[in-house]
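Report on the following structure.
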Number of protein chains: 2
Amino acid sequence: MKNQKRTTIYDIAKKLNLNASSVSRALSNNNNVSAATRELVLKTAAELNYKQNSLASNLRRGHNKTIGVIVPHINQNFFADVIAGLEEVTYQQGYNLIICQSNESYTREVESVNTLINQHVSCIIISVSADFEDDSHLRNILAQGIQLIQFDRVADNLETFKVVNDNERASMEAVSHLITQGYQRIALLEGPQNLNIFKQRKDGYIAALKKHNFEVLPELMIENAWTKELGAIATRKLLNMPMPPDAIFASTSDFSALGVLEVAHKMGVMVPEKLGICGYSNEAFTEITTPSITTIDQHSVDMGKTIANLFFQEMGSEKEVRPKIVNIQPKLIVRSSTLKNKLGRSVR
Amino acid sequence: MKNQKRTTIYDIAKKLNLNASSVSRALSNNNNVSAATRELVLKTAAELNYKQNSLASNLRRGHNKTIGVIVPHINQNFFADVIAGLEEVTYQQGYNLIICQSNESYTREVESVNTLINQHVSCIIISVSADFEDDSHLRNILAQGIQLIQFDRVADNLETFKVVNDNERASMEAVSHLITQGYQRIALLEGPQNLNIFKQRKDGYIAALKKHNFEVLPELMIENAWTKELGAIATRKLLNMPMPPDAIFASTSDFSALGVLEVAHKMGVMVPEKLGICGYSNEAFTEITTPSITTIDQHSVDMGKTIANLFFQEMGSEKEVRPKIVNIQPKLIVRSSTLKNKLGRSVR
DNA sequence: TTGTAGGCGTTATCAA
DNA sequence: TTGATAACGCCTACAA
């Protein structure tokens, strides 16, 4: 368990009466070494249980086969899935992932960026925190010659590679679906508006209402209702209004939608007959609630893969590449919680 | 975006007519430098946007403030939670986390171990894959002088630091609870028995039966039913037996329990009246199924914190420390799916 | 095909 | 308190 010395290429060289450079060449198989020495070196390396020191190798070569990832929370399904997708691809390419969570704190986000810069990672992949203040730390990444990909929650004013969901369109589709189902007064649960994704979802909601000539009613749009608890509180308030909504679009998350559902149950409001509910994210549980919840799938694992592929395929070249924005189309998953017409439709 | 040179301590030194070593001292604030030069150095470093090169620093100092983590899947709640807990503590200590997922493959696990050894991480934290073959790669970690902590799924024959759940006791408690509720024929859904955690859960099941003088019936113990789909198939088989069970303990996971519940619904078997169901893990959805599912909470985020604290508090010292095993007590969460007596009890 | 030498950026040791 | 120098382990021109 002690800090004993590890075997280096010098140890191998000494044992074989070779020079360290020959050993190095033999180990990095692309160079010119005689087959005999290569074999000898490999054999001895195995015997001495040699492991390369990546620190030295990376320092010498000036780059690190490592990618840094910063997310608000590692253990939220969406982010965990994206990371799993990322890991899948980066692993294939022999890259490692260093993971940081900002805990929705701007300070921690900045600190994490600095650590990753210090580590000389090849690329930083980030989804910004909820109390995002300004993008100077992100600009700094670029200034240090490190690649940058933003995903999901991105800084609008900074031109970098981005992989995002088409939040506005998905929202529009969800609200249009509600309207088609015959809901008349559709409320919106909003997330923090300093995050662009939540702004876009709100925009989609408004666009859908306008498209169908529905009035946009400020009293039906509840700010900052992005957890289960806040969703529940908002719902109680909404359902106690003189003219309550007959549908609620929890644009922030399925957790928020779950809060809506629980309050509806407690208040004896029938779902979907008297209240339609639509969530966002396609969390596993939306399939098994009673009724199951209509929601929007973000293809999170694929998103991770897309991000990684972007790096390996489009950002590797030395020439200046114009930042590209990849827009992933989320998918509306219609379930029971919004199927007001289901009885009518199933009868001939 | 180009690979321009980053500023080094030499750049700062040159600008200030100092020696690089003085700059180094000034930046690592513990050494003896005059207050004046320190201030000057810090100011210039900020001006030139200096970032330390951790690769060089770690190479020189011979250790890396980085911890490697290997789990079967990053995006499974239990592991994601453990990682979140780990990150929380390691971040406080200025350590980074490199994350690998083995995808339940032994080969990938071995490869990941090697990468982490190459990276000279200070510690490797691992939960082994389902097709775990032998522990030579783990022994290699120790042979390289790297700390090793196993958690949850551990190699029994290898003496290292370990943080585990008391699976056997939790299982015993769950089955005893079922018996107390009046269930008479309790089936077990098992996980792969080459993983110790699943063996322990089976042991707990058997121990509970014996303790209450119940017969242990092989036909009620279904091997390898550890996903939702396999759980469903097993349930169909069980419920179609001449003498079907009146309770099923899905010892592998809540997903498996979910499979049980869905089949029960489809076959019209009342839960909990005709069939009691108990899962394992306390996944978020167990609270909101109909009926809600009795399960076992593993304190996963705390487990991550415990692991990290073990490393920082007990493994830092230079002297040989005897590996310690921390046993975390899981908690039985009783919900509707096993409350056969609930009606009886709520009546006075 | 192999050996020599220098350097990646930092820190530790010694001397001044 | 500061400067000079070597070394961490590896890679890569260049020379032999």
Side-chain angles (χ1 to χ4, degrees), chain A residues 3-42 44-45 48-66 115 117-122 144-145, chain B residues 3-42 44-45 48-66 115 117-122 144-145:
Chain A
N3 229 10
Q4 79 276 33
K5 269 248 183 325
R6 292 172 32 163
T7 64
T8 70
I9 51 174
Y10 283 97
D11 299 322
I12 301 177
K14 199 182 295 171
K15 181 152 188 189
L16 295 178
N17 274 324
L18 272 174
N19 190 282
S21 57
S22 297
V23 176
S24 172
R25 278 188 283 260
L27 291 172
S28 60
N29 39 358
N30 50 347
N31 268 352
N32 4 8
V33 204
S34 77
T37 41
R38 156 161 308 136
E39 205 168 327
L40 216 55
V41 167
L42 291 180
T44 322
L48 299 181
N49 201 4
Y50 168 78
K51 302 279 171 190
Q52 192 198 49
N53 184 334
S54 306
L55 294 175
S57 166
N58 291 332
L59 172 61
R60 175 59 233 256
R61 296 205 315 244
H63 80 278
N64 194 342
K65 290 183 94 170
T66 298
T115 324
I117 292 177
N118 290 353
Q119 291 284 340
H120 268 234
V121 295
S122 312
Q144 300 284 345
Chain B
N3 230 9
Q4 79 278 36
K5 270 245 183 327
R6 292 171 30 163
T7 64
T8 70
I9 52 173
Y10 282 96
D11 300 322
I12 300 176
K14 198 183 295 171
K15 182 151 187 186
L16 295 178
N17 274 324
L18 272 174
N19 189 283
S21 55
S22 296
V23 175
S24 173
R25 279 188 284 260
L27 291 171
S28 59
N29 38 0
N30 50 348
N31 269 351
N32 2 8
V33 204
S34 76
T37 42
R38 156 161 308 137
E39 206 168 324
L40 216 54
V41 167
L42 292 180
T44 324
L48 298 181
N49 201 4
Y50 167 78
K51 302 279 172 188
Q52 192 199 49
N53 184 333
S54 304
L55 294 174
S57 169
N58 291 332
L59 172 61
R60 178 60 236 251
R61 295 206 317 245
H63 80 277
N64 195 343
K65 289 183 95 170
T66 297
T115 324
I117 291 177
N118 290 354
Q119 291 284 341
H120 269 235
V121 295
S122 312
Q144 300 284 346

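Just so we're on the same page: letters track the sequence lines, and every chain starts at 1.
A/Thr37 and A/Val33 make their closest contact through OG1-CG1, 3.2 Å (heavy atoms, listed as atom of the first residue, atom of the second, distance).
Here A/Leu18 lies in heavy-atom contact (under 4.0 Å) with sugar-phosphate atoms only. At the heavy-atom level, B/Thr37 lies under 4.0 Å from the strands shown only through sugar-phosphate atoms.
Of the residues near DNA chain D, B/Ser34 and A/Tyr10, the one whose nearest nucleotide (by heavy atom distance) lies more toward the 5' end is B/Ser34. Residues B/Arg60 and B/Ala20 both approach DNA chain D. Their nearest nucleotides, taken by heavy-atom distance, put B/Ala20 toward the 5′ side.
If you measure from atom CG of B/Asp11 to atom P of C/dT10, you get 9 Å, rounded to the nearest angstrom. Rounded to a whole Å, the NZ atom of B/Lys14 is 12 Å from the P atom of C/dG9. For the pair B/Asn53 CG and C/dT11 C1', the computed distance is 13 Å after rounding to whole Å. Atom CD1 of B/Ile9 and atom P of D/dA4 are 14 Å apart (whole Å). The distance between atom CG of B/Leu59 and atom P of D/dA7, rounded to the nearest whole Å, is 14 Å. As rounded to whole Å, 14 Å separates atom C1' of D/dC10 from atom NE2 of A/His63. Summarising the geometry, the separation between CG on B/Asn19 and C1' on D/dA4 is reported as 7 Å, rounded to the nearest angstrom. For the pair B/Lys51 NZ and C/dT10 P, the interatomic distance rounds to 13 Å; values are reported in whole Å.
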Run the numbers on A/Gln119 and B/Thr66 for side-chain contact (heavy atoms from CB on, under 4.5 Å), then give the verdict.
CA-CA 10 Å; A/Gln119 291 284 340; B/Thr66 297; 4.2 Å; yes

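Considering only the side chain of A/Ser22, C/dG3 comes nearest among C/dG3, C/dA12, D/dT12.
Looking only at side-chain heavy atoms (C-beta outward), A/His120 and A/His63 stay at 4.5 Å or farther from each other. By the 4.5 Å heavy-atom criterion applied to side chains, B/Ile9 and B/Leu27 are counted as neighbours.
Applying the 4.0 Å criterion to OP1 and OP2 of D/dG9, one finds that A/Ser57 has every side-chain N and O outside that range. One finds no side-chain N or O of B/Ser24 lying less than 4.0 angstrom from the OP1 or OP2 phosphate oxygen of C/dT10. Applying the 4.0 Å criterion to OP1 and OP2 of C/dT2, one finds that A/Ser21 has every side-chain N and O outside that range.
Contact annotation: side chain of A/Arg25 to base of C/dG3, donor-acceptor pair present below 3.5 Å.
A distance-only check finds a donor-acceptor pair linking the side chain of B/Asp11 to the backbone of B/Thr8 [under 3.5 Å].
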